[in-house]
Protein chains: 2
Amino acid sequence: MKHKTNNLGEPKKTPAVAVDTLIFSVIDNKLKILLIKILGGAYKNKWAIPGGLVDTNESLEKAASRILSQKAGVDGIYLEQLATFGDPKRDSRGHSVSVAYFALVNDKLFYPKTTEYYADIAWKNVDTLPTMAFDHKKIIEYGKERLMSKLAYSNIAYALLPKEFTLTELQSVYEAVLGKVLDKRNFRKKVQEIKLVKETTRTRQLGANRPAKLFIFTQRHPRIMDIL
Amino acid sequence: MKHKTNNLGEPKKTPAVAVDTLIFSVIDNKLKILLIKILGGAYKNKWAIPGGLVDTNESLEKAASRILSQKAGVDGIYLEQLATFGDPKRDSRGHSVSVAYFALVNDKLFYPKTTEYYADIAWKNVDTLPTMAFDHKKIIEYGKERLMSKLAYSNIAYALLPKEFTLTELQSVYEAVLGKVLDKRNFRKKVQEIKLVKETTRTRQLGANRPAKLFIFTQRHPRIMDIL
DNA sequence: ACTGGATTGTGTAATTTATACACTAAGTAG
DNA sequence: CTACTTAGTGTATAAATTACACAATCCAGT
């Protein structure tokens, strides 16, 4: 193994590098996160966010994509870096530094599956988490904060919704993430004024009531804008 | 060296872990950053931000503090994590992952010195950087963005100023970082209204003109608040 | 002692943005 | 045709932001 050297020419040992990924979705009007159950070892049967070690000469983003694909059957989602956690005690097996990523998905468009790597995989409510391995509870809390603030000043909600959606659905996503109710008229006024969304000609009718207009996001790429 | 293992029990190689630190200050009404000149090796005489490898069983923050103290004579400053850069090609000598931190200082309270580790150390204008080693130009740009937005929604400007300062000095700091002029009356009204600062009984007189009241920050700990 | 130069310090009106709030419209089921 | 359910809409008030110009204080120089 090739080591980096310091200025005195001595080899140095540095921690292992891992990536861990928070995958959020809003399901049944609740903010959920995709968790896996660990197969064996010191953390057997504890829940955790999916992750793994980074290979040398592999970028962090590539490592995150590879691990999600290999271990959770999840492909082609947009990942954003959250933060890096490096406390020497965060993993009792030895010092590793975890670069956390977060992603938002619409659960209808996306099918995680258990693999040989994990004992189980499931969506869990973010506000009623099971006992978590490592420092993953802390990472999730941090990610939730980030998600809340990004929802307020960017258009990333698009990643949580299907292409077409009603304004009621959009509002529910905001309410689930922010944990508070919003005023219907002001919300609808705002998202149209700032051109976050635009109306289609299509409508959707679910029950015995007035059909709802379907909307699409004006842009489906990350963009900074004041929503709330 | 102890290796982490994957689920098949095979040892894996992960990149080396480094920390690099952006130290910003406003000097002569210009946003500056503390850079060092590399002594030897592939990047000899290139400028870079101070940094170094993290030891196993050392936290990232501790590593950053240690390195700043050892290599730049800088102690006791508040560090905040910025982001992590892990492109395999970012360092031509081998794959390393850099966790970047950033700090704000008042240059009057603080004396960086050249050490055996570096060929030189100096404050450089952020908008006219010399040729930088590694991906440090990119890291600095990213840090500058973060600084600009943090200045607008937190009280961290306190770290750039001495205990007592005039409102003109405070405004200059904002203008230097944001790169635009602000309205004097609105600025002064705002910072007092939101209790970012409070007036002291002291004044300072520099030239042949009206003396300026001295102010202090209401809190000198990081706090989220809308400034602009 | 008076004047000129330099920097500090201050208020108000106009505009924009945010908030609070309740009923009608459209459809289906019975 | 009535009852039910969800969708959809406007206005008045309050709050925040913006634009803008001159008087106050001090010293230096004559």
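Labels below follow one simple rule: chain letters A, B, ... track the order of the sequence lines, proteins then strands, and each chain is numbered from 1. Since we're looking at a predicted model, the values are computed, not measured.
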Please tell me if [X] has a side-chain N or O lying less than 4.0 Å from either OP1 or OP2 of [N].
X         : N       : value
Gln205(A) : dT28(C) : yes
Lys213(B) : dT10(C) : yes
Lys184(B) : dG9(C)  : no

Let me know the distance between [atom1] of [X] and [atom2] of [N], rounded to the nearest Å.
X         : N       : atom1 : atom2 : result
Arg188(A) : dT6(D)  : CZ    : P     : 13 Å
Phe187(B) : dA16(D) : CZ    : P     : 19 Å
Lys190(A) : dT16(C) : NZ    : P     : 16 Å
Glu193(B) : dT10(C) : CD    : P     : 14 Å
Lys189(B) : dA21(D) : NZ    : C1'   : 14 Å
Asp183(B) : dC22(D) : CG    : C1'   : 14 Å
Arg185(A) : dT19(C) : CZ    : P     : 15 Å
Arg204(A) : dG8(D)  : CZ    : C1'   : 17 Å

For Asp226(A) and for Glu199(B), locate the closest nucleotide of DNA chain C by heavy-atom distance; then report the residue assigned to the nucleotide nearer the 5' terminus.
Glu199(B)
Between [X] and [Y], is there a donor-acceptor pair closer than 3.5 Å when you use the side chain of the first and the backbone of the second?
X         : Y         : value
Asp28(B)  : Lys30(B)  : no
Gln81(A)  : Val99(A)  : no
Asn155(A) : His221(A) : yes

Residue whose closest nucleotide on DNA chain D lies nearer the 5' end, Ala208(A) versus Leu167(A):
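Looking at DNA chain D, the more 5' nearest nucleotide goes with Ala208(A).
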Categorize Thr166(B) for me: base, sugar-phosphate, or nothing, with a 4.0 angstrom heavy-atom threshold over every strand shown.
nothing
Pair of N/O donor and acceptor under 3.5 Å linking dT8(C) base with Arg210(B) side chain
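For Arg210(B), whose side chain was compared with the base of dT8(C), there is a donor-acceptor pair (under 3.5 Å).
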Looking at dA19(D), does its base get a donor-acceptor pair with the side chain of Asn186(B) below 3.5 Å?
yes
Mind checking whether Leu161(B) and Phe217(B) have side chains closer than 4.5 Å, heavy atoms only?
yes
Verify whether one side chain among Gln219(A) and Tyr158(A) offers a donor that lies under 3.5 Å from an acceptor in the other.
no
